[in-house]
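For clarity, every value in this text was computed on a predicted model and none was experimentally measured. Each chain gets a letter, A, B and so on, in the order its sequence line appears, and its residues count up from 1.
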There are 2 protein chains.
Amino acid sequence: MMHSDVIEADLNLITLTDPFLGEYQRLIRDVVIPYQWQALNDTLVHAEPSHAIENYRIAAGLTSGEFYGMVFQDSDVTKWLEAVAWSLRQKPDLELEKTADEIIELLAQAQWADGYLNTWYTVKEPGLRWTNLAECHELYCAGHLFEAAVAFYNATGKRRLLEIACRFADHIDATFGPGDGQLRGYPGHPEIELALMRLYEVTREPRYQALACFFVQARGQRPHYYDIEFAKRGGTWHWGNWGEAWMVKDKAYTHAHKPLNEQDQAVGHAVRSVYLMAGLAHIARLTHDEEKRQTCLRIWNNMVQRRMYITGGIGSQGIGEAFTSDYDLPNDTAYSESCASIGLMMFARRMLEIEADARYADVMERAFYNTVLGGMALDGKHFFYVNPLETHPKSLPHNHIYDHIKPVRQPWFGCACCPPNIARTLVAVGHYLFTPLPDALLINFYAGSEAAFRVADGTLQLSIQGNYPWDGNIAITLNNPHPVAHTLALRLPDWCDNPHVKVNGEAAQGEIIKGYLHLHRTWQKGDRIQLSLPMRCKRVYANPQVRHAAGKVALQRGPLVYCLEEVDNGEALHNLMLGRDCVLRESVGTGVLENKIVIQAEGKRLATPVNNAPLYSFDYPQTAVQTQTLTFIPWFSWANRGEGEMRIWVNEGS
Amino acid sequence: MMHSDVIEADLNLITLTDPFLGEYQRLIRDVVIPYQWQALNDTLVHAEPSHAIENYRIAAGLTSGEFYGMVFQDSDVTKWLEAVAWSLRQKPDLELEKTADEIIELLAQAQWADGYLNTWYTVKEPGLRWTNLAECHELYCAGHLFEAAVAFYNATGKRRLLEIACRFADHIDATFGPGDGQLRGYPGHPEIELALMRLYEVTREPRYQALACFFVQARGQRPHYYDIEFAKRGGTWHWGNWGEAWMVKDKAYTHAHKPLNEQDQAVGHAVRSVYLMAGLAHIARLTHDEEKRQTCLRIWNNMVQRRMYITGGIGSQGIGEAFTSDYDLPNDTAYSESCASIGLMMFARRMLEIEADARYADVMERAFYNTVLGGMALDGKHFFYVNPLETHPKSLPHNHIYDHIKPVRQPWFGCACCPPNIARTLVAVGHYLFTPLPDALLINFYAGSEAAFRVADGTLQLSIQGNYPWDGNIAITLNNPHPVAHTLALRLPDWCDNPHVKVNGEAAQGEIIKGYLHLHRTWQKGDRIQLSLPMRCKRVYANPQVRHAAGKVALQRGPLVYCLEEVDNGEALHNLMLGRDCVLRESVGTGVLENKIVIQAEGKRLATPVNNAPLYSFDYPQTAVQTQTLTFIPWFSWANRGEGEMRIWVNEGS
């Protein structure tokens with residue numbers, strides 16, 4: 001029996017039927033998971049090596065050799081397992097299940113008798129466990145193991161990985177805490193906090209929730225734990241790329257510069273920030289801790305009102321993969337890591353679980369349909385780690401401010417956090433579609449699906465049909481055999497001016513509260529809700545404080561942000577201009593843009609002059625201003641047709 | 001008797017009377033030289049230490065202690081001596097002369113018996129001379145010593161420093177070259193090439209010219225000398241900031257990636273590039289080497305037609321202080337080092353000495369009146385190393401792409417190349433005003449001055465009067481007691497549409513060749529040339545390939561580029577717009593802008609919204625578009641009124 005405080009939708013009861021996301025889930029199952037399996041086993045050609053499986057084999061004593069990879073290499077495997085878990089549920093695959101079970105046994109063999117499990121500290125630095133929390137990701141890797149275990153148990157009912165996780169969690173719980181002889185530390189890279197809360201929801205072991213609380217409470221207290229452990233280990237450091245022990249010293253990078261209840265800005269490493277906040281929001285909800293909720297709100301507001309790209313990307317700079325300052329949102333040097341937008345979805349979802357306010361779902365949808373989907377190529381085999389809003393490939397190799405930018409998606413990364421993170425998110429997207437609050441089922445966005453929810457009065461069954469995110473006409477049909485009284489809360493998206501909702505053919509009678517239309521009713525089989533969410537292509541303007549979007553406009557249709565690409569529009573995209581009043585025409589694309597809506601408009605181009613035209617001139621450029629049809633494509637699908645310029649924010653003319 | 005191939009103007013015969021530059025020369029004499037003397041002796045408060053004099057004292061055995069500072073710290077002293085030389089000529093100062101003589105004796109005491117002179121390799125790494133040419137600036141420091149010696153001899157007639165320089169040059173000549181047992185190396189940081197050519201012009205020692213030729217000829221040959229010396233010294237490196245031995249490996253950084261006659265782009269470290277090209281152009285002229293001249297031309301064209309800022313700044317990126325690629329000219333992350341624009345003046349001047357083409361003088365003037373003058377505060381005590389074209393101070397501390405940018409000038413730098421370089425350039429600005437070619441005296445720009453030139457037919461004396469660069473009405477009066485037949489070639493600046501020139505009240509009869517009006521005549525006392533070079537404030541547009549200036553306009557009046565500052569225009573300068581047709585009004589500024597012409601126009605401002613206005617909106621920003629008077633000041637004088645936003649390229653509206 002599930003406890004009433006568990007709000008996560010049960011993916012066992014959700015089947016995606018959506019043509020758009022369904023194709024993504026198929027891609028994950030049929031292409032990405034096998035592809036990543038090859039990557040983890042180093043059988044991919046033309047990709048950076050992983051060695052992640054081999055590290056486990058060495059740690060398990062099955063083979064000898066050296067550790068290879070990042071200090072957090074283990075997590076690539078557990079994120080892959082997490083994706084596999086829900087993939088197996090969606091489409092049984094005996095061979096894949098056998099492989100997964102074998103990997104789980106490998107993890108069991110690599111686990112120490114006391115529960116500890118981490119290949120770096122088993123193979124590479126034995127004897128040094130828990131000596132460098134600030135830099136070395138042991139607790140982060142543990143968190144991903146716990147998340148994989150929760151998924152595997154929830155999806156397959158198998159307890160083996162959950163037992164491994166609990167043994168490790170118990171070991172961590174014995175090691176860390178306020179008691180005598182326990183370490184007062186907390187992770188440099190948050191993740192375990194949210195993972196412990198999920199583990200708690202599955203196991204109901206109160207120590208796991210208490211341990212998560214301890215980690216967030218200890219964070220940033222003085223004397224500073226990172227300094228203490230730094231001195232204790234003799235002043236050594238792991239990451240030297242930006243100077244000696246920078247990650248130990250720059251405590252804002254890890255959000256440990258002060259206690260969380262004193263923090264009020266989104267700073268430091270973006271992924272860490274949102275992972276931490278997701279855990280904190282989860283704790284705040286389950287412990288009814290208003291102070292923690294207020295911390296989440298402060299960080300949320302600063303993040304999404306001043307430091308988020310239109311794409312739902314966060315992290316404005318490559319150095320530190322980090323936030324910068326209010327309204328500092330450069331387009332071509334953005335970091336906007338795929339994982340950071342996944343973390344933003346996680347944070348948004350937890351906030352939504354506290355409070356049914358569509359502003360969280362608006363951000364969640366923005367991050368998902370733009371940066372997260374954009375992180376993976378349409379072939380499922382290439383990935384973006386970094387997601388700029390503008391690229392000029394000719395300049396990238398020569399100006400070091402672009403060192404982190406790739407003009408096209410890459411087959412794999414030495415630091416491969418993003419590809420498996422995208423995979424595990426896409427297979428579990430049902431967690432984001434629905435938020436089953438005790439008193440209302442929130443439907444957050446309208447991907448086609450069949451779903452069931454146990455509510456107080458019985459089981460609610462419904463199907464969502466449509467062609468989201470391309471078409472705003474959505475039908476929700478109730479299928480539960482027995483009438484069930486409950487509130488359905490339908491998000492009215494921020495991008496929609498004039499939503500219309502009918503229930504059984506009549507204008508819906510409901511209350512709009514914080515962006516959700518709440519429909520309370522005894523729902524019965526055959527009830528039909530029709531949503532009309534007109535998806536007119538709209539112009540978007542940034543707050544005038546954003547200097548990198550001054551004088552510029554972006555296009556958005558439904559949740560999708562659009563961009564210009566060189567392949568459609570020629571080079572020098574900075575010389576294109578969209579008139580303020582010109583008509584935006586929609587059509588359906590072809591090739592890799594098949595089934596995708598493309599926007600066209602009659603714009604203008606300041607032509608590129610002949611070679612060796614003067615660099616500066618007292619005359620307005622002699623070249624003619626020409627009329628040109630501008631073609632905008634959904635940004636998530638850029639760079640699927642080779643390398644070229646791309647630009648979201650376009651000059652707007654009168 | 002000066003040889004006819006020496007084209008450098010004799011500063012002993014030039015007196016600056018210009019109110020504008022005269023004030024700068026006064027500042028150099030009365031403020032900068034004493035201030036820098038304090039800096040070199042570490043008696044400044046609130047400034048980074050120098051230790052440069054102390055290093056020489058330790059090397060001379062007068063005191064004991066550790067070397068402190070950069071591997072090229074010596075050059076700060078010799079650049080200071082070079083400035084002092086011409087300062088003494090302009091305004092005798094017995095105490096300063098005594099100090100300089102004492103420093104020269106200190107250098108003599110620090111010089112080894114074999115002529116070698118370098119404090120780093122005397123104090124810090126004895127026994128390791130000439131083992132790391134790629135990275136360690138020994139030949140660079142030698143070059144600055146030679147330049148100081150030439151200046152000191154030319155300005156004061158004293159030979160002591162010249163003797164020191166020649167002893168060192170002889171030692172270097174014995175050490176390097178194609179002969180048996182000689183090293184085949186060449187400097188990682190060029191400078192000695194141009195310095196040897198100047199030393200040659202003073203001493204007529206042909207070995208010095210031959211040595212300069214050897215250095216440029218050896219550059220970039222295979223097997224690569226930097227690799228050979230790297231292996232020989234056991235694979236050690238000096239600069240580790242961007243990875244192991246990067247300066248050894250990245251041969252384009254030092255312009256040694258291929259032989260010079262195969263190079264055709266301005267790449268790598270900007271200062272090194274222009275110093276090298278200045279030396280190469282000097283060699284090309286004196287040796288009549290067409291291949292070397294063609295190399296200079298290729299690099300020149302690429303540099304000024306595709307990689308130079310409107311301010312005459314070069315080097316688009318902080319990392320490597322380097323060029324990037326064609327038309328990649330970001331305004332806010334520009335490097336545009338003060339020294340690089342000084343080097344660009346040096347390169348331009350040598351090109352002009354080869355060919356009387358005003359395009360070289362146009363660039364020389366642009367670099368001088370904008371970036372070089374802008375490198376020093378109006379108080380003579382603060383300096384810019386880096387000269388961005390746009391700053392947003394609130395963002396600087398948070399986004400690492402701005403790590404090299406300072407919002408205001410600094411009192412001194414740990415790496416203090418720029419301040420003494422600006423000083424030595426300003427005291428010797430006469431070298432740039434006039435180019436006395438054998439067949440014509442080029443007058444390059446019209447700073448007020450009294451000057452004399454020995455020409456074939458006698459001595460030409462003239463005075464230039466006016467209020468350059470603020471007023472285009474210039475009078476040139478001939479003062480030579482005896483008639484002299486010669487050609488005066490007056491530059492008709494690129495910024496002037498309709499120059500008018502009269503000789504003795506009548507329209508000048510002359511030929512315009514490559515931007516110079518050539519007036520051949522027997523000039524006599526009382527002859528008077530009146531130039532009218534109308535200085536209308538003009539709009540400048542960048543080549544449409546420059547994406548960072550798309551849709552933007554800059555203002556220029558005469559040679560001066562203008563900018564907006566926050567102190568005059570409020571914050572969020574990116575929201576200001578200058579209408580295409582609006583009137584530009586001129587007035588004279590006040591306070592630190594006294595005597596400077598300020599431009600005003602009725603522009604528009606998109607007002608900044610209230611706090612917490614949405615980050616993105618489907619509506620055009622609700623805040624009103626307001627009319628606002630825009631105030632533009634000469635860019636060289638920005639940041640003299642505290643910290644604030646600044647911007648050269650401004651949005652242009654219809």
Side-chain angles (χ1 to χ4, degrees), chain A residues 301 304-306 308 310 316-320 322-328 330 333 392 394-395 397-401 403 495 497 538-548 550-551 554 556 572-575 577 580 606-609 612-621 623 651 653-654, chain B residues 301 304-306 308 310 316-320 322-328 330 333 392 394-395 397-401 403 495 497 538-548 550-551 554 556 572-575 577 580 606-609 612-621 623 651 653-654:
Chain A
N301 287 337
V304 307
Q305 291 174 7
R306 301 186 176 200
M308 181 184 74
I310 187 178
S316 294
Q317 64 181 327
I319 290 191
F323 289 103
T324 59
S325 53
D326 288 350
Y327 305 112
D328 184 48
T333 59
H392 191 259
K394 275 193 273 191
S395 300
H398 306 288
N399 192 331
H400 286 285
I401 61 173
D403 279 354
W495 44 260
D497 289 331
K538 300 173 85 167
R539 285 159 194 265
V540 187
Y541 299 93
N543 186 305
Q545 299 268 23
V546 180
R547 63 194 189 287
H548 296 95
Q556 184 177 335
L573 298 179
H574 57 273
N575 288 326
M577 200 173 57
R580 175 82 51 86
L606 182 64
T608 304
N612 295 328
L615 189 49
Y616 303 105
S617 166
F618 292 116
D619 302 308
Y620 191 78
T623 56
N651 295 327
S654 54
Chain B
N301 287 337
V304 308
Q305 290 173 8
R306 301 186 177 200
M308 180 184 73
I310 187 177
S316 294
Q317 63 181 328
I319 291 191
F323 289 103
T324 59
S325 53
D326 288 351
Y327 305 112
D328 184 48
T333 59
H392 190 259
K394 274 193 274 190
S395 300
H398 305 288
N399 192 331
H400 286 285
I401 61 174
D403 278 355
W495 45 259
D497 289 331
K538 300 173 87 167
R539 286 159 195 264
V540 187
Y541 300 93
N543 185 305
Q545 298 268 23
V546 181
R547 62 194 190 287
H548 295 97
Q556 183 176 334
L573 299 179
H574 57 273
N575 288 326
M577 201 173 59
R580 173 83 50 88
L606 182 63
T608 304
N612 295 327
L615 188 50
Y616 303 104
S617 166
F618 292 116
D619 302 309
Y620 192 78
T623 56
N651 295 326
S654 57

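For B:Phe323, the part sitting under 4.5 Å from any heavy atom of chain A is the backbone (N, CA, C, O) and nothing else. Contacts of B:Arg547 with chain A are made by both backbone and side-chain atoms, with heavy-atom separations under 4.5 Å. Only the side chain of B:Pro330 comes within contact range of chain A, with at least one heavy atom under 4.5 Å from a heavy atom of that chain. Residue B:Thr333 touches chain A through its side chain alone, counting heavy-atom pairs closer than 4.5 Å. Proximity to chain B is absent for every atom of A:Ala572, based on heavy atoms less than 4.5 angstrom apart. Contacts between A:Asn575 and chain B at a heavy-atom distance below 4.5 Å involve the side chain alone, from C-beta outward.
By the ring-ring contact (aromatic ring centres under 6.0 Å, His included) test, A:Tyr541 is found to be paired with B:Tyr620, residues two or more places apart in sequence or in another chain being considered. Scored by the side-chain hydrogen bond (donor to acceptor under 3.5 Å, both in side chains) test, B:His400 finds B:Asp403 as partners (sequence neighbours excluded).
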**Request:** Applying side-chain contact (heavy atoms from CB on, under 4.5 Å), run through B:Ile401 and A:Gln317 and close with a yes or a no.
**Result:** CA-CA 8 Å; B:Ile401 61 174; A:Gln317 64 181 327; 5.6 Å; no
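Remark: B:Lys538 engages B:Asp497 in a salt bridge, criterion side-chain N to carboxylate O under 4.0 Å.
Chosen from A:Gly551, A:Ala550, A:Ser395, A:Pro397, the residue pairing most often with chain B at heavy-atom distances under 4.5 Å is A:Ser395.
Within the 4.5 Å cutoff, the side chain of A:Leu606 has heavy atoms near those of the B:Pro544 side chain. Here the side chains of A:Val304 and B:Leu615 are not in contact, with every heavy-atom distance at 4.5 Å or above.
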